Amino acid sequence: MLTFVHLSDIHFTKRSDTSLHDLDKVLRDNLLHDAVSNAADLGQVSGLLITGDIAYSGKEAEYTKAQQWIEHLNAELGCSDEHVWTVPGNHDVDRTVIESSKTTRILHERFRKLAVGEIDQELWDAAEDHPLAEALMSPLTNYNTFAMQYSCDITADKPFWEKPLVLPCGTRIVLRGGTSVLISDSDDQESNLILGSLQAQYENAAHTEFVFLCHHPLDWFRDKNRIVRPTESRARLQLYGHKHAPEVTHINGGLRLIAGATHPDRREPEWLPMYNLLQIGRVDEQRLRIRSYARQLNKTTLKFQPYPDPISGDLFSEAIWENAAPMRADTLRATSDVIVTIAPSNETPSNDNPAPTPVEVSREGDIVDNERRLTYLFMSLPFPDQIDILLELGLLEESDKLLANAKLLALAFSRAKSKGMLARLWEETAKRHGIDAVDNPFSSNQEGTEANHAS
């Protein structure tokens, strides 16, 4: 069983949780208590899924406040800090960067005027051109710094991320986070954003189910006719935000959920804070089940209560995934508690673009992902400490001086992995966090990995 808390449109401001005028603090506290109480009935929470608008204006201080609250929520839920998967929303775009960049403004205008058939080529051309790639991604710099801790940062040439989770039965549940705000600005309107066909390309591997996270629903994109069919045929659970009102659609034997907002604007006529609890689990050898428990704020009591399915009236929305058989026994290796895939990824790994590593999920729903844990610990260090570690381990090169901080750190981390130096990176990182380096999860295979790399 996988169990997630699904949040969207949190809209943290720099005053959140620090001001007498933060009217939403009680709301957040009640959400936390409600999530912890209800999650206890569902079992171990696997992590948080956030479908955008973490911040309100894409500023660094807003992400600092958001991260503090997210860490507190995860701690109360019994999740590790790094078990957060997030995508950007339009409020995660720093529009002051767009206002100050003529290149970015021209790029946005151009994409909005292109014929739909030209969008994919233009996206590729922009990703290949360093100044254009920087102009396209610079409004998301603060978001990417926040998301990098959770391995959810995005680039012009890789605008989505994936994380395969392997259930004890052997089925791969692949979380995919898309970016709907590549050209988001003050001119946003329904049907004038772009996604790009790349974000709707799915492998056809057997025994694999996709969960697609994106801030804007698919009808917001100019190129929707190119992305709706592949997304709805392969992603049998789709999670969106942005609309601030919940919607549940049964499609292709799955669910398309538009979450309500955690922090909707109080000036909205239908102001109604929402969040969801999600579960994915096996019914039998051929079927998986997805359930969504929507929770809404009672404006009188200021406590959360069930939001029934609009069609069935049940306290949850449910879909059964037919033909979701587990992997063949010869593709798995079993331990007493977990089953881990050894099937190759569909991507060709490289130092700059390592393939996503499938990770094990225990029968209780806990996720063990040591690389993700190390990424979180390293990325949450102050930047001078990060540089000191990378220099000490010889992971920086002369050409790195031209890179932005986020790209530099990501590249150096990939080098550490390819050179078999994750054990040493963990040791130095743990030292600065005050963590016992004896518990280094990479130390057992460092010697063999480094020997193989040297040969």
Side-chain angles (χ1 to χ4, degrees), residues 1-13 16-18 22 24-51 53-55 60-87 145-152 163 165 175 213 259 262-263 273-279 293 295 297 302-304 359-362 364-382 426 429-437 439-441:
M1 185 75 71
L2 283 168
T3 302
F4 296 104
V5 174
H6 173 211
L7 305 170
S8 193
D9 298 77
I10 311 176
H11 298 144
F12 268 93
T13 71
S16 294
D17 212 24
T18 60
D22 179 12
D24 294 321
K25 184 180 186 306
V26 172
L27 183 158
R28 288 193 302 274
D29 290 343
N30 286 343
L31 185 153
L32 184 149
H33 294 313
D34 188 77
V36 171
S37 174
N38 283 278
D41 296 331
L42 298 178
Q44 173 67 45
V45 175
S46 307
L48 305 183
L49 305 179
I50 306 177
T51 46
D53 281 1
I54 295 96
E60 181 180 2
E62 297 169 345
Y63 292 110
T64 299
K65 298 300 178 185
Q67 184 178 344
Q68 291 170 353
W69 184 75
I70 288 170
E71 287 179 348
H72 182 42
L73 176 59
N74 254 353
E76 292 296 316
L77 291 169
C79 294
S80 297
D81 291 332
E82 70 274 12
H83 288 178
V84 176
W85 289 269
T86 181
V87 296
T145 300
F146 164 82
M148 186 178 293
Q149 300 171 92
Y150 307 112
S151 303
C152 293
K163 191 61 187 179
L165 305 175
L175 303 179
L213 290 74
T262 301
H263 281 172
M274 302 276 299
Y275 82 97
N276 299 307
L277 291 162
L278 302 173
Q279 276 199 315
Y293 299 84
R295 308 286 295 175
L297 186 74
L302 293 183
K303 294 182 178 180
F304 285 82
V359 297
E360 58 197 52
V361 180
S362 74
E364 291 74 31
D366 194 21
I367 298 171
V368 180
D369 191 343
N370 292 322
E371 287 186 18
R372 191 178 184 86
R373 179 64 177 166
L374 175 54
T375 300
Y376 179 84
L377 292 172
F378 179 76
M379 297 302 180
S380 60
L381 287 172
W426 175 281
T429 301
K431 187 186 304 180
R432 286 164 172 79
H433 277 286
I435 299 173
D436 191 350
D439 299 325
N440 191 331

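As the structure is a computational prediction, the values presented were derived from the model and not from experiment.
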Describe, in one word, how the ring planes of H263 and F12 are oriented to each other, choosing from parallel (under 30°), tilted (30 to 60°) and perpendicular (over 60°). tilted
May I ask you to test the F304-N38 pair for a side-chain heavy-atom distance under 4.5 Å? no
State the CG-OH distance between L278 and Y293, to the nearest 0.5 angstrom. 10.5 Å
Can you tell me how far the CG atom of D24 sits from the OG1 atom of T13, to the nearest 0.5 Å? 8.5 Å
Test side-chain contact (heavy atoms from CB on, under 4.5 Å) on W426 and F378; report intermediate values, then the result. CA-CA 8 Å; W426 175 281; F378 179 76; over 6 Å; no
Side-chain touch L31/W69, heavy atoms, less than 4.5 angstrom: yes
With D53 via side-chain hydrogen bond (donor to acceptor under 3.5 Å, both in side chains) - residues at least two apart: H11, H215
Reported CD1-to-CG distance for the pair I50 and L213, which is rounded to 0.5 angstrom: 10.0 Å
With the threshold set at 4.0 Å, does a side-chain nitrogen-carboxylate oxygen contact exist between D34 and R295? yes
Passes ring pair (Phe, Tyr, Trp, His ring centres under 6.0 Å), Y150 versus Y376? Steps please. CA-CA 6 Å; Y150 307 112; Y376 179 84; 5.6 Å; yes
Is there a side-chain contact between T51 and H6 (heavy atoms, below 4.5 Å)? yes
So, are E82 and R373 salt-bridged, with charged N and O less than 4.0 Å apart? yes
Are the side chains of Q67 and Q149 in contact, using a 4.5 Å heavy-atom criterion? yes
Is there a donor-acceptor contact under 3.5 Å from the side chain of S37 to the main chain of H33? no
Heavy-atom pair of closest approach, residues V45 and C79: O-SG, 3.1 Å
Just wondering, do L73 and L7 contact through their side chains at under 4.5 Å, heavy atoms? yes
Tell me the closest heavy-atom pair linking Q44 and L77, and the distance in Å. NE2-O, 4.5 Å
Can you list the steps and then say if F4 with L48 is a side-chain contact (heavy atoms from CB on, under 4.5 Å)? CA-CA 6 Å; F4 296 104; L48 305 183; over 6 Å; no
Within the structure provided, determine whether F146 and V84 are in side-chain contact (heavy-atom separation under 4.5 Å). no
What's the separation between atom CG in L49 and atom OG1 in T86, rounded to the nearest 0.5 Å? 9.5 Å
Test log, rule side-chain contact (heavy atoms from CB on, under 4.5 Å), inputs M274 and T262: CA-CA 5 Å; M274 302 276 299; T262 301; over 6 Å; no
Between H72 and L32, is any pair of side-chain heavy atoms under 4.5 Å apart? yes
Neighbour count >12 (heavy atoms, 6.0 Å) for atom CD, E71: yes
For residues E62 and A55, report the shortest heavy-atom separation together with the two atoms involved. OE1-CB, 3.2 Å
Would you mind reporting whether S151 and T375 have side-chain heavy atoms less than 4.5 Å apart? yes
Counting N and O atoms only, with roles assigned by atom type, does the side chain of N74 sit under 3.5 Å from a partner on the main chain of S80, one being a donor and the other an acceptor? yes
Interatomic spacing from CH2 in W85 to SG in C152 - rounded to 0.5 Å: 8.0 Å
Is it true that a side-chain atom of Y63 and a backbone atom of A147 form a donor plus acceptor pair closer than 3.5 Å? no
Euclidean distance, L377 CG relative to H433 NE2, rounded to 0.5 Å: 4.5 Å
With a 3.5 Å distance limit and no angle check, can you tell me whether N370 reaches the backbone of P441 through a side-chain donor-acceptor pair? no
